[in-house]
Protein chains: 2
Amino acid sequence: MVSTDPADLEDHGFSVNDYHPGAMHSVVVFPGSTEDVVQIVKVARKFKMPIIPYSGGTSLEGHTRGHETGGICVDLSRMDRILQINEADSDLICQPGVRWADINSTLKEKGIPLFLPLDPAPGATIGGMISTGCSGTNAVRYGTAKAEWFLNVTVVLPSGEVIKTRRRARKSSTGFDTTKLFIGAEGTLGIVSEATIRLAPLLPTTVAVVQFPTVRHATEAVREVMNKGVGIQCVELCDDVFMQATNKFGMSLRKWPEKDSLFFKFQGHSQESLQETARVVKSVVEKHGGTGFELARNEQEAEDLWADRKNAHYSGIALLEGSKGWPTDVCVPVSKLPELVYETKKDLAESGILSTIVGHVGDGNFHALLLFRTDEELEAARHAVHRMVKRAIALDGTCTGEHGVGIGKKEYLVEELGDGTVELMKTIKRTLDPLNLFNPGKLYPDEPRPKGRNQ
Amino acid sequence: MVSTDPADLEDHGFSVNDYHPGAMHSVVVFPGSTEDVVQIVKVARKFKMPIIPYSGGTSLEGHTRGHETGGICVDLSRMDRILQINEADSDLICQPGVRWADINSTLKEKGIPLFLPLDPAPGATIGGMISTGCSGTNAVRYGTAKAEWFLNVTVVLPSGEVIKTRRRARKSSTGFDTTKLFIGAEGTLGIVSEATIRLAPLLPTTVAVVQFPTVRHATEAVREVMNKGVGIQCVELCDDVFMQATNKFGMSLRKWPEKDSLFFKFQGHSQESLQETARVVKSVVEKHGGTGFELARNEQEAEDLWADRKNAHYSGIALLEGSKGWPTDVCVPVSKLPELVYETKKDLAESGILSTIVGHVGDGNFHALLLFRTDEELEAARHAVHRMVKRAIALDGTCTGEHGVGIGKKEYLVEELGDGTVELMKTIKRTLDPLNLFNPGKLYPDEPRPKGRNQ
Ligand SMILES: Cc1cc2nc3c(=O)[nH]c(=O)nc-3n(C[C@H](O)[C@H](O)[C@H](O)COP(=O)(O)OP(=O)(O)OC[C@H]3O[C@@H](n4cnc5c(N)ncnc54)[C@H](O)[C@@H]3O)c2cc1C
Ligand SMILES: Cc1cc2nc3c(=O)[nH]c(=O)nc-3n(C[C@H](O)[C@H](O)[C@H](O)COP(=O)(O)OP(=O)(O)OC[C@H]3O[C@@H](n4cnc5c(N)ncnc54)[C@H](O)[C@@H]3O)c2cc1C
């Protein structure tokens, strides 16, 4: 299927979640198979048209924005089938357009006690998750898309050739793993048209919440908890502003103290082991000044509590009537997180910007959602994000822990990774895509070096 | 330091653990710093001499063999310092020549309850572990070198340029991760001169052993155990021949039933949770026909038991007086492991080859050690390994789960990965090392395509 309907072009080129510059696509095509993708790439090569892969459309840094010369947006969302579930091997084979949330609900329906623990936005799909190198709340226990969840990928290269990077064994040492080249490549090195995914055992979980006097207390508690070896699946830092938003707009009926808080998800093989974990965690957090430790009393309560956390984006925006939110993420070594959070909150306060902060604190990763209503406030938010990124890099961190680079973060790569590493990335890009047709203008810093931000 | 002492040249070029063809190095040099490595690369470029990196020398597939035209062996074992331990971030920075075993004993001495869970041969070093994409018994819990243990690497590229791939944050989505290019590259894309490594919390462990009627029973028990969500750090399959070798030459005083067995290492936050895990595992394995489940009664017993497993190589060789052993490893989807083991054992029996089999069964990975005394028996072993690899690939597996390719497995890459993927690997190699100076003749299949084996 092919569409030039302006609504489709707009939808695919512009995201409601980011405010980066860009243009409209010329056309959106909806392949149904790897072979279709190959045909599209051949046409694009013939007419030297940019190709912009698209699937869930939940990325946050202008990843799927149109190119100024126009181009073909390849929407993979119709390639959304699970092709094979190998329960005995804890893996499955699927097309790139399937959502992780649908994979998990399909497994549940079929009574297969396995799941994919990578959990970005519920609308995110396998192709997009591979291409952004995503992670989420479960990463503290299960690692990110860059770990070993993707056993192999089938990719249509810019040459039009189709490769499958590996076989289905869980481990292989046949040289450097070309699967990893496509994880985080943001559609610039090829189009993922199939993947084999490893799954984890689905375990009983429950949720607890606790408040702290300061972010530093919370971070130190997390470090000690993580070293205990009890079953922690997630540990999320939610700041006072976020708790305020949740009290106003959240799902759970409880009203929370509006203080910096930790949301824990425990996992274990039995209810007793969950209770044991809760006991251990409670004693550690109380040692670090934690108060009001509350464990969900039942599954529904746990789900509601977790929904409050997952709802961050929307309850955040609801805080300021008529506002939009600029979401951003940075990541630093865990010990630097308190410093980064304090300085950022101070900066935001001084700039008069209202923002929630929620963090995957076990990994030193946090998200801020900067609220704005006017163009002027948007500019202020843009500048505050810039300062936040600079601060993270100065603390030996990264401009993005999980959202990826797209248009929004590409100007920071040289400072963060150094000239040589960026040049290596560009060399690989040029070698695989000499015509520069695959998602041009994304990920790699512009040349000559950017003079200002977001240019 | 530089050496042309024939003993050094021999030592560095030929391993006692493999029987692949190759030549002597011209010289062995021992750099002390990244800057030294750069100078060596410059000299090599000037004289167009091959460079063969070397550190622990424990690799098993002719990885550090000399090149036919001569070349410079770069021995990194003197760059063996731990530069920084960041306990609060659970990471450390070190030079490439430090052994994982020394990292772990240093942490222990300092009373820091963290460890690096990658556990190949005790003599293996960080540079070699990165370059082979190693793993070991802990991989079933912690993943392999290809997971997220290496936060960044500093590499001297074939151009002589030095890059550092990432910063110290645990997660980053700044495009595809160039760290991963060097994991498994076997020294063909650059020399790793420093690394930042993530560490895991060190937890109490204990060991248990149980026997099974067949490998299939054992494999199915493992699958069910792994899905329980109890604390399994390792689960190793040891076949009847291996148990026989252990009874004769092992460390522990116990005499084991000479049957296919599983060695478990449990981990937990307390003695009670270890006991609980033992209880859960015992009931699962007994359901699958497991008998004689024995839990170590104390730490010493656990250590002895585990030493028996780790000692596989040496007790295996001791089985047949005057023999040597050809070690090999393959890996398949876990559900295919029983078939692979049965057919391999049948083949070995028919060929009159004595061999132990020990497997990282949770990952579908197994090692065989084929014993031989004469040149004729060596040839028979070589052919049996060839058939084993073909069998593994036919089962959607890989020619090497962890040992790597070196000289010994390069002929299988096209069959396993396909022409396109191998061509992609070679393209990257050519782009980074256009003079083909870095460990030439290793990893990449020869061109024109090999006509026979090991040519
Ligand atoms: C409310 C909300 C919460 C979020 N939370 C998280 C979070 O916790 N963690 C996290 O990591 N991210 C999070 N994100 C960001 C987003 O969900 C992730 O980046 C996700 O991985 C994007 O997947 P997608 O399918 O939507 O990709 P898209 O937005 O469609 O595309 C993303 C990139 O991948 C490329 N691409 C897409 N499909 C393919 C393909 N088949 N082959 C090659 N390239 C392709 C595109 O060109 C683009 O560059 C969140 C977003 C929202 C809106
Ligand atoms: C008894 C025994 C048990 C083993 N068990 C396991 C196991 O359980 N799991 C497993 O994975 N392996 C195992 N191995 C194999 C071996 O230990 C691993 O492959 C290990 O990772 C090799 O590390 P090394 O330091 O000895 O590397 P070396 O043998 O010195 O080199 C290995 C490769 O890396 C390259 N290299 C070395 N240093 C660098 C550097 N700084 N930069 C770039 N390239 C470099 C070399 O050129 C070579 O290609 C075992 C080996 C033995 C003898």
Side-chain angles (χ1 to χ4, degrees), chain A residues 88-89 113 132-133 135 143-144 146-148 161 163-165 167-178 180-181 183-185 201 203 223 227-230 268-269 331-335 363-365 396-405 413 416-418 420-421 424-425 427 431 443, chain B residues 88-89 113 132-133 135 143-144 146-148 161 163-165 167-178 180-181 183-185 201 203 223 227-230 268-269 331-335 363-365 396-405 413 416-418 420-421 424-425 427 431 443:
Chain A
D89 294 318
T132 56
S135 44
T144 76
K146 283 155 238 108
E148 300 182 282
E161 195 185 359
I163 64 165
K164 183 172 163 186
T165 53
R167 288 175 170 249
R168 201 160 61 79
R170 277 191 198 168
K171 304 193 326 192
S172 171
S173 272
T174 46
F176 56 92
D177 185 357
T178 54
K180 308 285 195 188
L181 263 188
I183 297 177
L203 302 176
R223 172 154 80 96
N227 284 349
K228 284 284 174 199
V230 289
H269 78 281
C331 187
V332 291
V334 185
S335 66
D363 291 319
N365 184 199
D396 217 357
T398 173
C399 65
T400 171
E402 50 182 40
H403 293 168
V405 179
L413 257 56
E416 179 178 329
L417 304 175
T421 299
L424 174 58
M425 293 171 72
T427 301
T431 306
L443 179 51
Chain B
D89 295 318
T132 56
S135 45
T144 77
K146 283 155 236 109
E148 301 181 282
E161 195 186 0
I163 65 165
K164 183 172 164 187
T165 54
R167 287 175 172 249
R168 202 161 59 80
R170 277 192 197 169
K171 303 194 327 193
S172 170
S173 273
T174 46
F176 57 93
D177 183 358
T178 53
K180 307 286 194 189
L181 263 189
I183 297 178
L203 302 176
R223 172 155 78 96
N227 284 348
K228 284 283 173 199
V230 288
H269 78 281
C331 187
V332 290
V334 185
S335 66
D363 291 319
N365 185 200
D396 218 357
T398 173
C399 65
T400 172
E402 51 182 40
H403 293 168
V405 178
L413 257 57
E416 180 178 329
L417 303 175
T421 299
L424 173 58
M425 292 171 72
T427 301
T431 306
L443 179 50

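- Among G175(A), G420(A), A185(A), the residue with the largest count of heavy-atom pairs under 4.5 Å with chain B is G175(A).
- For chain A, the option among G229(B), S172(B), G184(B), A88(B) with the highest count of heavy-atom pairs below 4.5 Å is S172(B).
- Annotation: maximal heavy-atom pairing with chain A below 4.5 Å, among T431(B), T165(B), L443(B), occurs at T165(B).
- Only the side chain of L424(B) has a heavy atom closer than 4.5 Å to any heavy atom of chain A.
- The closest donor-acceptor contact from the side chain of D89(A) to the backbone of S335(B) lies under 3.5 Å.
- Listed by chain and residue number, S135(B), N365(B), E402(B) satisfy the side-chain hydrogen bond (donor to acceptor under 3.5 Å, both in side chains) test with K171(A) (two or more places apart in sequence, or in another chain).
- Heavy atoms only, all atoms of each residue included: C331(B) and A169(A) are closest at O-CB, 3.6 Å.
- Formation of a donor-acceptor pair under 3.5 Å by the K146(B) side chain with backbone atoms of K180(A) is not found in this model.
- The greatest number of non-hydrogen atom pairs below 4.5 Å with chain A, out of P333(B), G133(B), G418(B), G143(B), is found for P333(B).
- Counting heavy-atom pairs under 4.5 Å between each of T398(B), T132(B), D177(B), L203(B) and chain A puts T398(B) at the top.
- Counting heavy-atom pairs closer than 4.5 Å to chain B, the top residue among H403(A), E161(A), K164(A) is K164(A).
- Looking only at distances, a side-chain donor or acceptor of R167(B) sits under 3.5 Å from a matching main-chain atom of E416(A).
- Comparing V230(B), T144(B), V332(B) by how many heavy-atom pairs each has under 4.5 Å with chain A, the most go to T144(B).
- Comparing V334(B), T421(B), V405(B) by heavy-atom pairs within less than 4.5 Å of chain A, the highest count is held by T421(B).
- Partners of T178(A) under the side-chain hydrogen bond (donor to acceptor under 3.5 Å, both in side chains) rule, at least two apart in sequence or in another chain, do not exist in this structure.
- For the options L181(A), L413(A), T427(A), heavy-atom pairs under 4.5 Å to chain B are most numerous at L181(A).
- In terms of non-hydrogen atom pairs under 4.5 Å with chain B, the most contact-rich of A147(A), G404(A), G401(A) is G401(A).
- For R168(B), the parts sitting under 4.5 Å from any heavy atom of chain A are the backbone and the side chain alike.
- Side chain of T400(A) to backbone of T174(B): no donor-acceptor contact under 3.5 angstrom is found.
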